[in-house]
Each structure stands twice: as structure tokens, then as C-alpha cells.
Amino acid sequence: MAHIPPQLLAVLRCPVTGSTLVRRGDELVSTVPGPGGEPLCYAVQDGIPVLLPTPAETTSDPTEQPS
């Protein structure tokens, strides 16, 4: 994993839970479980944290009709 300065890691937050993030291998992990009860994981690509929820973590629009 590329080095993420401690000052940056201190201000990063999980976009879903709002919790702090900790390093675990090559990813960042939320310190509070997400909606499914598990911690949420985020990739780090080229030293840049990608804090976008995966499709499984996003909710669909209940008014949207299947095609």
C-alpha cells in the first residue's frame, strides 16, 4: 500500500457510516459496521483512497421500475 500520511488518515471518514478508517493490508476499513453489519472496505489506488461505496453498499431507488 502506498503511504498515506497520518494527518490525512486522521481526517478521512467512511462515506457511509461517518466513522474513522483504519489500514488493513491494501485497503481502508471503517471502524463502525455498515448497514449489513460488516465493516466497509475501500481500496487505495496509486496512493489515493477510493471512498466510493460498492454497488452492494448502495441503495436503489424504490420508485425505479425494473426493465
Side-chain angles (χ1 to χ4, degrees):
M1 172 192 270
H3 178 70
I4 298 175
Q7 299 90 339
L8 176 59
L9 193 56
V11 297
L12 290 177
R13 297 290 182 262
C14 172
V16 176
T17 66
S19 67
T20 57
L21 297 167
V22 294
R23 291 183 209 186
R24 185 175 73 189
D26 291 337
E27 59 191 8
L28 297 175
V29 181
S30 67
T31 55
V32 172
E38 296 291 325
L40 303 174
C41 301
Y42 299 95
V44 177
Q45 297 176 352
D46 298 323
I48 301 169
V50 181
L51 301 180
L52 299 173
T54 63
E57 297 168 356
T58 60
T59 57
S60 60
D61 182 356
T63 61
E64 186 177 313
Q65 298 296 318
S67 32

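Fair warning: this is a prediction, and the values are worked out from it, not measured in the lab.
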- Can you tell which of Thr20, Leu51, Val22 makes a side chain to side chain contact (heavy atoms under 4.5 Å, CB included) with Leu12? Leu51

Considering non-hydrogen atoms only, spot the tightest contact between [X] and [Y] and give its length.
X: Arg23; Y: Leu28; result: CG-CD2, 3.9 Å
X: Arg13; Y: Gly18; result: CD-O, 3.4 Å
X: Val16; Y: Tyr42; result: CG2-OH, 3.6 Å

- Query: Under 4.5 Å between side-chain heavy atoms, hopping through other hydrophobics if needed: is there a path connecting Val11 to Val29?
  - Reply: no

- Message: Do Cys14 and Val32 make a side-chain contact, defined as non-hydrogen atoms from C-beta onward lying under 4.5 Å apart?
- Response: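 Contact flag for Cys14/Val32 side chains = no.
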
- Query: Side chain of Ser30, backbone of Ser19: donor and acceptor closer than 3.5 Å?
  - Reply: no

